[in-house]
Amino acid sequence: MIRKLLMGIALLAAVGFHASALFMPAFGRPAGEIAARLPVVFMPSMYSSLVLLVLVPLLVLYVIRDGGKADRPATANLRAALFIAACVLHIIELITWQEERFILFTATEVAMLAILAALYFTYPKKENLISGRIPVSGIFSYFFFSVLVAVHYALEANDWGGLGLSDALWAIITLTFAAAAALHFLYHHQDHMYAIVFAWMSLMVAARNGLDEPLVSAAALFLAGAVIAWMIISSRQSQKVPRTAED
């Protein structure tokens with residue numbers, strides 16, 4: 001019960017800070033206004049945050065179900081500690097973003113992503129339950145994409161030259177890397193939630209760039225479609241019952 005209470009308080013604080021950063025910032029300007037200041041090509045539309053309307057209720061369920069079934073109390077305690085740590089780091093990275101300390105913001109996001117990855121791998125390899133790893137997977141995918149955006153933004157803010165490559169090409173390279181990660185989790189962990197969130201974020205990159213960066217938009221649409229197509233194909237294959245020798 002105490003474990004659930006602490007996880008619930010941490011989640012409530014993280015969600016509250018996130019909402020405040022978007023609508024009533026306490027430490028600076030609204031998060032979206034800061035994001036729109038620089039012409040970063042690898043940046044999703046402001047509507048990308050709508051996915052949180054699905055992920056946050058799933059995280060609430062995650063807290064209510066105490067992080068899902070655990071084989072021993074130590075595992076449940078570890079999951080709770082990692083979950084709380086991720087919530088605290090999310091609050092810190094929101095503050096660093098509003099204070100426009102972009103390098104520190106990126107470092108904090110990377111640390112939070114590492115914590116979420118550790119939480120993700122406390123579950124069995126292919127066990128994806130709505131009361132277990134699925135909520136963690138969704139938020140892990142969301143912040144994996146967010147870290148890549150943060151890196152692009154921090155580099156742009158510090159006048160990075162791009163090593164002779166255009167911003168559009170770097171955006172396509174990053175999208176391809178993110179798609180490879182989504183396919184990895186889809187293939188090795190049968191993780192559909194990770195793939196769905198990646199596809200949503202890619203579509204939001206396409207929506208933001210539109211015809212201004214047609215190659216980036218086309219790449220984002222193609223990669224989102226490829227991941228969803230592979231998800232559907234793999235789902236159908238897993239549903240097929242293998243024939244026995246008697247058949």
Side-chain angles (χ1 to χ4, degrees), residues 5-63 67 79-120 135-158 160 174 178 193-194 197-198 200-202 204-205 207-208:
L5 179 62
L6 293 175
M7 291 171 67
I9 292 172
L11 178 61
L12 182 62
V15 172
F17 266 84
H18 194 100
S20 173
L22 292 175
F23 304 110
M24 296 181 295
F27 296 93
R29 288 182 288 180
E33 181 180 322
I34 298 173
R37 183 195 307 165
L38 295 180
V40 178
V41 177
F42 187 73
M43 177 72 71
S45 164
M46 60 180 293
Y47 299 107
S48 61
S49 294
L50 290 176
V51 72
L52 295 175
L53 296 178
V54 176
L55 296 181
V56 170
L58 287 177
L59 290 172
V60 172
L61 176 62
Y62 180 83
V63 171
R79 289 173 181 169
L82 291 171
F83 183 85
I84 293 169
C87 290
V88 172
L89 283 171
H90 182 54
I91 292 171
I92 295 172
E93 56 108 356
L94 285 171
I95 295 173
T96 57
W97 175 260
Q98 289 186 298
E99 292 183 346
E100 303 183 29
R101 300 180 181 180
F102 301 124
I103 299 297
L104 183 57
F105 165 77
T106 303
T108 308
E109 278 227 320
V110 170
M112 181 179 63
L113 187 67
I115 294 294
L116 289 173
L119 177 57
Y120 183 96
V136 175
S137 173
I139 208 69
F140 179 42
S141 180
Y142 179 83
F143 280 109
F144 183 88
F145 207 96
S146 178
V147 164
L148 298 178
V149 174
V151 170
H152 275 259
Y153 195 97
L155 290 173
E156 184 71 27
N158 287 276
W160 186 58
T174 307
M193 175 58 80
Y194 191 104
V197 174
F198 160 78
W200 169 258
M201 298 300 288
S202 292
M204 292 299 98
V205 170
R208 184 179 185 275

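The residues of the chain are indexed from 1 along the displayed sequence.
- With rounding to the nearest 0.5 Å, the separation of CG in Leu104 from CD1 in Ile95 is 10.5 Å.
- Using modelled atom types, no side-chain atom of Ser141 and backbone atom of Ser137 make a donor-acceptor pair closer than 3.5 Å.
- In terms of modelled atom types and a separation under 3.5 Å, the side chain of Thr96 and the main chain of Glu93 share a donor-acceptor contact.
- When side chains are defined from C-beta on, Met201 does not count as touching Phe144, because their heavy atoms never get closer than 4.5 Å.
- Using a distance-only test at 3.5 Å, with no hydrogens or angles considered, no donor-acceptor pair links the side chain of Ser146 to the main chain of Tyr142.
- The distance from the OH atom of Tyr120 to the CZ atom of Arg79 is 12.5 Å, given to the nearest 0.5 Å.
- For residues 148-157, the side chain to side chain donor-acceptor pair (under 3.5 Å) pairs, not counting sequence neighbours, are His152-Thr174.
- In this structure, Met7 and Ala80 approach most closely via the heavy-atom pair SD-CB, 3.7 Å.
- To the nearest 0.5 Å, the span separating CD on Glu109 from CG on Leu94 amounts to 8.5 Å.
- Of all heavy-atom pairs spanning Ala154 and Ile103, the tightest one is CB-CD1, 4.1 Å.
- Judged by distance alone, with hydrogens and angles left aside, the side-chain atoms of Thr106 form a donor-acceptor pair with the main-chain N or O of Phe102 at under 3.5 Å.
- Counting only heavy atoms from C-beta outward, the side chains of Leu116 and Ile139 approach each other to under 4.5 Å.
- Interatomic distance, SG of Cys87 versus CD1 of Ile9, reported as 11.5 Å (0.5 Å rounding).
- Between Leu58 and Met193, some side-chain heavy-atom pair lies under the 4.5 Å cut-off.
- Between Val60 and Val15 the shortest side-chain heavy-atom distance does not fall below 4.5 Å.
- When each of Val197, Ile115, Leu113 is paired with Phe140, the side-chain contact (heavy atoms from CB on, under 4.5 Å) condition holds for Leu113 and for no other.
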### Message
What verdict does the ring pair (Phe, Tyr, Trp, His ring centres under 6.0 Å) test give for Phe42 and Phe145, after you've listed the backbone C-alpha separation in whole Å, the side-chain angles of each residue and the deciding distance to 0.1 Å?
### Response
CA-CA 10 Å; Phe42 187 73; Phe145 207 96; 5.1 Å; yes

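- In plain terms, the two heavy atoms of Ala21 and Gln98 that are nearest each other are CA-NE2, 3.5 Å.
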Taking distance alone, no hydrogens or angles, what donor-acceptor pairs closer than 3.5 Å link side-chain atoms of residues 43-53 to residues at least two apart or in another chain?
from  : atom 1 : to    : atom 2 : distance (Å)
Ser45 : OG     : Tyr47 : N      : 3.2
Ser48 : OG     : Ser45 : O      : 2.9

